[in-house]
Trainee: 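Got a structure for you, written out below as structure tokens; questions coming shortly.
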There are 2 protein chains.
Amino acid sequence: MQALTITATKAQLDSILEALEGASDHDALQAVSEQLRDHFRVDHLVYHWVSSSGDQYGCGSYPDAWVLHYIEQEYLRIDPVIQGCYRRFHPVDWKQLDWSSKAARAFQADAIAHGVGNQGYSVPLRGPNGQFALFTVSHNGDDDDWSEFTAANRRHLILIAHYFNHKALELHPERTPEAGQTLSPREVDAMTFLAMGYSRAQVAETLSISEHTLRVYIESARFKLGAVNTTHAVARALSRGLIVI
Amino acid sequence: MQALTITATKAQLDSILEALEGASDHDALQAVSEQLRDHFRVDHLVYHWVSSSGDQYGCGSYPDAWVLHYIEQEYLRIDPVIQGCYRRFHPVDWKQLDWSSKAARAFQADAIAHGVGNQGYSVPLRGPNGQFALFTVSHNGDDDDWSEFTAANRRHLILIAHYFNHKALELHPERTPEAGQTLSPREVDAMTFLAMGYSRAQVAETLSISEHTLRVYIESARFKLGAVNTTHAVARALSRGLIVI
DNA sequence: TTCTAACTCCCCCAAAACAGCGAGGCTGCG
DNA sequence: CGCAGCCTCGCTGTTTTGGGGGAGTTAGAA
């Protein structure tokens, strides 16, 4: 095991970020991730996108055997790194995660057996519609060295995570939702109050209009949003950012 | 108007981030934001938290008159910076936003009249349950100077945004929701299909359970989410990031 | 082991939402 | 000026949801 790289100069960081920005496809991104791994002298460096439908996209240095095994075993659902980062705001050291459940410990043993490393640091990344990705560095080493490494490189890792995410999205624009059409002010009002749990009667009263009129707005919004019912329309309006509650 | 600061050395950035990390309350954070503003020589530098219920928390250098006016006019709903960043992944220059609507132009004129500046750069920040915050620098100046400034300082601004968010959350832990808000797998299934517009009968069929059983899940989810009806529950599940469609 | 939480099934009836039809006034744009 | 989009109001009948009960199994955690 080589010593971890404890510091990176501004110039080094700049050149890494530039290489990242210049990547033009998945293979190039993969190559950059390997360069980054070598630069930091960690065992692994991975970007992992988890889509709403359970699809995954990974890029990095994990062994293929582990990746396939991970997908096959549906580890996505029990991986404490995913679970923990999914409900955290900030980057997290793997030691801070909850490894107490039986499934988590089994997963951990399996991961270490596949050479993933016993130490790790993961940066959660989020998109406007609940999109979620992780940027992770992992390593096999003792706690002190790892603490020193993460303390020294945290800022760089955050920034690299950002740029990695940026590039990965650029390469897969289908993950970025299209900007749909807008709703009229009254439609926005209607959708907003409905999303707040008001019944049609309550919304109509709140907006000082008849319930019949309100219904026209709801139907119109439903039509614009391609929704089959009110709940669907509210869900779409929310996830497209057309209303905020 | 002073010239914008085009570069910051690693040492300067480090000292800024350390000051940020050392802030112990809102006033200290406010002070750091003013130091940052002076350091970058921009007109304004603001952190703006928008909660799902419409509450707001701001910290930065906007004039009090503008902040009060903003809240009073409920500009949150029409502010193109909020609207635009809410549906974007990455930091954005205000020029890239959609200012075409009448309300947006009126807002823009009002903002400029209050000294907000015609240029701006905003970094969206997200939390695990749909929490949303913005970190913004704004300035009064011409396009070329501003482009040069943002190109040179983008990375620093992203990092500072990160740390600002970290600190703001540390100072207001109540914004970090309690963890008990999770839904069971079946409840997630139910909410997800309902959000996709399925009727109860369709969801029950899809999940291969009786409609009665499904109703138990919906009611249970409604109870957990503190929702008064299905639409409300779906809206909350969505905006808390418990389901994704 | 005990206990909790999750999953599954069943009844009835009132309230709310949906679907289809139509109609008129207002504003802003080309 | 006409057109398009928005805002407003009405009727009738069918379908879907909500609220009130109760009850058994299984898997995992304390």
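Quick caveat, the model's predicted, so the values are computed rather than measured.
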Trainee: Measuring only between side-chain heavy atoms, which start at C-beta, is A:Phe40 closer than 4.5 Å to A:Ile160?
Mentor: yes
Trainee: So what does B:Ser199 hit on the nucleic acid, given a heavy-atom distance under 4.0 Å: a base, only sugar-phosphate, or nothing?
Mentor: sugar-phosphate
Trainee: Please confirm whether the shortest side-chain N or O distance from A:Thr213 to OP1 or OP2 of D:dC9 is below 4.0 Å.
Mentor: yes
Trainee: Verify the contact: side-chain N or O of B:Arg222 to OP1 or OP2 of D:dT17, cut-off strictly under 4.0 Å; return yes or no.
Mentor: no
Trainee: Output the rounded distance in Å from CG (B:Asp189) to C1' (C:dC7).
Mentor: 12 Å
Trainee: Atom NE2 of B:His212 to atom C1' of D:dG19: distance rounded to whole Å?
Mentor: 14 Å
Trainee: Could you tell me if the ring centre of B:His69 sits under 6.0 Å from that of B:Tyr75?
Mentor: yes
Trainee: Looking across every strand, which nucleic acid part, if any, lies under 4.0 Å from A:Arg200 by heavy atom: base, sugar-phosphate, or nothing?
Mentor: base
Trainee: Could you state the CD-C1' distance from A:Glu187 to D:dC7, rounded to the nearest angstrom?
Mentor: 10 Å
Trainee: Looking at every strand, decide which applies to A:Thr230 at a 4.0 Å heavy-atom threshold: base, sugar-phosphate, or nothing.
Mentor: sugar-phosphate
Trainee: For the pair A:Trp99 and A:Phe107, name the ring-plane relationship: parallel under 30°, tilted 30 to 60°, perpendicular over 60°.
Mentor: parallel
Trainee: Does B:Lys224 have a side-chain nitrogen or oxygen under 4.0 Å from the phosphate oxygens OP1 or OP2 of C:dA5?
Mentor: no
Trainee: Over how many whole Å does the gap from B:Ile209 atom CD1 to C:dC10 atom P extend?
Mentor: 11 Å
Trainee: Would you say A:Ser210 places a side-chain N or O within less than 4.0 Å of OP1 or OP2 belonging to D:dT8?
Mentor: no
Trainee: Whole angstroms only, please: what is the CD-P distance between A:Glu211 and D:dT8?
Mentor: 15 Å
Trainee: Mapping B:Ile218 and A:Ser208 onto DNA chain D by nearest heavy atom, which one lands closer to the 5' end?
Mentor: A:Ser208
Trainee: Report the distance from atom NE2 of B:His232 to atom OG1 of B:Thr230, rounding to the nearest 0.5 Å.
Mentor: 11.5 Å
Trainee: Taking for each residue the nucleotide of DNA chain D bearing the nearest heavy atom, is the 5' side occupied by A:Leu214 or by A:Ser220?
Mentor: A:Ser220
Trainee: Taking atom C1' of D:dC9 as reference, at what distance in whole Å does atom OH of A:Tyr217 sit?
Mentor: 10 Å
Trainee: Whole Å only: how far is the CG atom of B:Asn229 from the C1' atom of D:dT17?
Mentor: 10 Å
Trainee: Taking atom types as they are modelled, is there a donor-acceptor pair under 3.5 Å from the base of C:dG22 to the side chain of A:Arg215?
Mentor: no
Trainee: Does the side chain of B:Lys224 come within less than 4.5 Å of B:Ser220's, by heavy atoms?
Mentor: yes
Trainee: Send over the distance from B:Leu207 CG to C:dC7 C1', rounded to a whole Å.
Mentor: 12 Å
